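First up is the structure itself, then whatever we jot down about it.
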Amino acid sequence: MKTRLKSAVEKALQNCYAAKTLVSGELPEFAIEVPNHTDHGDFAVNVAMMLARPEKKAPRQIAQLLVEQLEQQEGMWDKIEIAGPGFVNFFLSKSCWYAVLDDIYAKGAQFGRSDVGAGRRVQVEFVSANPTGPLHIGHGRGAATGDAVASVLQEAGFDVQREYYINDAGNQMDTLGRSIFLRYCQLQGRDVEFPEDCYQGDYIRTLAQQAIDEQGDHFLQMDDVEAIAHFSTTGGEAIRSGINADLQQFGINFDNWYSEQSLYDRDLVKAGIETLTRDGYTYEQDGAIWFRTTDFGDDKDRVLVRSNGVTTYFASDVAYHREKYERGFDIVIDVWGADHHGYVPRMKAVLAALGRNTEDLQIILVQLVNLLREGEQVAMSTRSGKFVTLKEVIDEVGKDACRFFFLMRRSDSQLDFDLELAKKQSTENPVFYVQYAHARVCSINRNVQESGLSLPQPGDAEVTKLQLPEELALTRMLARYPEVVVGAALSYEPHRITFYLQELAAQFHSYYNQHRVIVDDRATSCARLYLVNAVKIVISNALNVLGVSSPDKM
RNA sequence: GCGCGAUUAGCUCAGCUGGAUAGAGCAUUGGCCUCCGAAGCCAAAGGUCGCAGGUUCGAAUCUUGCAUCGCGCACCA
């Protein structure tokens, strides 16, 4: 709808230039906006103000010339006004809004889809937690965010792949093996010390116990190094499948699991370093190989190969990202914990050194989650191994509440997750509030069907019966949905969908409480059913993008 | 010390990339069920958009400085 208006305005502008009433010939990037106030119409355009300077005319005067041109066009509008400092306000005709309802039914679950992505290939890499422990609540937020970003991009017509990067190389895997081995020894009655830098969580003991149950003291017989290597492998696999199970429960399916080790196996890490060296971005100092990231705005150069010959994590990240683009992705999105923000400049430097636009890498930083129970913060510390796992939270509050709560804030702002609130079945709980709106429509439908009537199909509802301001406002709200999706996709901000849903649900509940859907007049009932079922479709589509279900009954 | 990010109603936060009178939800106060789900709705009240300059037709939004808070600053991953 915005795009149609925009082209109408552009045409009017061209006509002004052709008629020489305007002379600058400029076509500024003007905006079509939805005004805050209904007095200001359905849409407003600010182009007259933007042209004031080049035209050396008063904005309202320019607006007048534009309006004269616009009025000659066949309009979707009833009225155009000039207002304020020089806005042109459009009051669309009702038939225009009614058409939205037909569109919603015609597209159904597809309503909200667009092709602004034009099939461009995007990879979203998220979670990517080390396979050294179960997912905790912080990973959950990253998971919900990454998955929703991916979905919203798909809705906007991008070709999206979801990827999980497994950090299965490097000494953390060794630490994991050692941790399990030491617990194993302890459980076998050996008096060994358990160092602080080992993983402290109870799950390590569980894994050790499993080894005992299955193979007894077998590992005490063999060489320590060998035993540790064994535990490193089997432990890593066990934890990884646990992570996968948690993600499944959370409704998240990755298209690809990508192993860091595989980069080494294919010599890609070496190749990445060689590319940088060939292009003159590296140097040697103190026995180490450095990447001159300061050439690209980083505040310090970074080591790729340590003086002991071991490559750094950053080196494999260079290889990994280089390889992502070789796989043909136009845009790569990394979802990280916000505590890694210091890492951003060096990753951008990688892009620049590879000769790519740094915008081709988007990094979404996800802030901390404060878990609250009865208003008190639940203490968490990864070091001590005392943390609340994602699974525990999903089991307690459910997948839907969990996902919705994670998406209730912008990802880069901290989030208080109130466990009591998430479980509450009342208006205070935003998830229930939104889902309830959906269930309510379903309930109305059941009543209709029980009384032997059928639900309206496109074409047999007399939409002109929808004359109430609340009905038109609700329809306008529905019409906005596709634009909300596009905005959320292009800005990588899935929380916009969450806010939209709360607004839509509020407007629906308000309407429901003021007016009965089923009334004596059959045609009116039919039209209202048509409207509320359109609301149902849009709520369902939007919840689906967030990975939240749309229950018929609650 | 340097860098990044925050600062909007009592609390938690939005603010559509510079637009018109800055908005929600909690919390507070007062109302609404002989009626499709009260698991809901309506109303009131609540503001120096951290402070001070700058940019322009126009700033919560962009810019500079300052203040407070958080997070980063490894030849760790």
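Note on naming: letters A, B, ... go to the chains in the order of the sequence lines (proteins, then strands), and numbering restarts at 1 for each one. Just so you know, these numbers come straight off a predicted model, no measurement behind them.
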Using a heavy-atom cut-off of 4.0 Å across all strands, would you classify [X] as base, sugar-phosphate, or nothing?
X: A/Arg53; value: sugar-phosphate
X: A/His438; value: nothing
X: A/Lys424; value: nothing
X: A/Ala488; value: nothing
X: A/Ser443; value: base
X: A/Asn445; value: nothing
X: A/Phe314; value: nothing
X: A/Thr312; value: sugar-phosphate

According to a strict under-4.0 Å criterion, is A/Arg60 in side-chain N/O contact with OP1 or OP2 of B/C57?
no
At under 4.0 Å, does any side-chain N or O of A/Tyr433 touch on OP1 or OP2 of B/C41?
yes
Closest to the [X] side chain, choosing from [options]:
X: A/Asp286; options: B/C75, B/U21, B/C36; value: B/C75
X: A/Ala288; options: B/C75, B/C71, B/A20; value: B/C75
X: A/Arg440; options: B/A38, B/C36, B/A20; value: B/A38

Interatomic distance, [X] [atom1] vs [N] [atom2] [rounded to whole Å]:
X: A/Phe296; N: B/G3; atom1: CZ; atom2: P; value: 21 Å
X: A/Asp339; N: B/G3; atom1: CG; atom2: P; value: 21 Å
X: A/Asp418; N: B/A27; atom1: CG; atom2: C1'; value: 13 Å
X: A/Lys348; N: B/C4; atom1: NZ; atom2: C1'; value: 14 Å
X: A/Met347; N: B/C4; atom1: CE; atom2: C1'; value: 17 Å
X: A/Arg446; N: B/C36; atom1: CZ; atom2: C1'; value: 11 Å
X: A/Phe432; N: B/C26; atom1: CZ; atom2: P; value: 15 Å
X: A/Lys300; N: B/G72; atom1: NZ; atom2: P; value: 17 Å

Give me the distance, rounded to whole Å, that separates [N] from [M] when you measure between the [atom1] atoms they each carry.
N: B/G46; M: B/G30; atom1: C1'; result: 16 Å
N: B/C36; M: B/G23; atom1: P; result: 35 Å
N: B/U56; M: B/C42; atom1: C1'; result: 42 Å
N: B/C4; M: B/U63; atom1: P; result: 11 Å
N: B/U28; M: B/C11; atom1: C1'; result: 12 Å
N: B/G25; M: B/C41; atom1: P; result: 9 Å
N: B/C51; M: B/U8; atom1: C1'; result: 15 Å
N: B/G3; M: B/G65; atom1: P; result: 9 Å

Pairs touching residues 32-49 of chain A that satisfy salt bridge (Lys or Arg N to Asp or Glu O under 4.0 Å), sequence neighbours left out
A/Asp42-A/Arg476
Please determine whether a side-chain nitrogen of the Lys or Arg among [X] and [Y] lies less than 4.0 Å from a carboxylate oxygen of the Asp or Glu.
X: A/Glu55; Y: A/Arg53; value: no
X: A/Glu471; Y: A/Lys465; value: no
X: A/Lys324; Y: A/Glu125; value: yes
X: A/Arg496; Y: A/Glu483; value: no
X: A/Lys536; Y: A/Asp552; value: no

Apply ring pair (Phe, Tyr, Trp, His ring centres under 6.0 Å) to residues A/Tyr164 and A/Phe126 and explain how you reach the verdict.
CA-CA 6 Å; A/Tyr164 188 117; A/Phe126 59 110; 8.3 Å; no
With syn defined as a glycosidic angle within 90° of 0 and anti as the rest, where does B/C66 land?
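Nucleotide B/C66 adopts anti.
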Would B/U17 be called syn or anti, given that syn covers angles within 90° of 0?
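That one's syn.
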Do A/Lys6 and A/Phe30 form a cation-pi contact, if we require the NZ or CZ to be under 6.0 Å from the six-membered ring centre and within 45 degrees of the ring's axis?
yes
Quick check: do A/Ile180 and A/Tyr199 have side-chain heavy atoms less than 4.5 Å from each other?
no
If you draw a 6.0 Å radius around CG in A/Asp520, do more than 12 non-hydrogen atoms from other residues or ligands fall strictly inside?
no
By nearest nucleotide on RNA chain B, pick out whichever of A/Val517 and A/Ala505 is the more 5' one.
A/Val517
Nearest-nucleotide 5' precedence on RNA chain B, A/Asp39 against A/Tyr511
A/Asp39
Which nucleotides of nucleotides 13-19 of chain B have their base under 4.0 Å from a protein heavy atom (B), which only their sugar-phosphate (S), and which neither (-), written as one string 5' to 3'?
SSSBB-B
N/O donor-acceptor pair, side chain A/His341 with base B/G3, under 3.5 angstrom
yes
Check whether A/Thr498 reaches the backbone of A/Met408 with its side chain - one donor and one acceptor, N or O, closer than 3.5 Å.
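No; judged by distance alone, with no hydrogens or angles, the pair does not exist.
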Using only atom types and a distance under 3.5 Å, with no angle test, would you say the side chain of A/His340 pairs donor to acceptor with the backbone of A/Trp336?
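Judged by distance alone, no pair lies under 3.5 Å.
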Would you say the base of B/A20 stacks on A/His40 (centre-to-centre below 5.5 Å, plane angle below 30°)?
yes
Taking Watson-Crick and G-U wobble contacts under 3.5 angstrom, with | marking pairs to another strand and [ ] crossing pairs, the secondary structure of RNA chain B is written (((((((..((((.....[...)))).(((((.......))))).....(((((..]....))))))))))))....
Donor-acceptor side-chain pairing of A/Asp301 and A/Tyr283 below 3.5 angstrom
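Yes - a donor-acceptor pair under 3.5 Å links their side chains.
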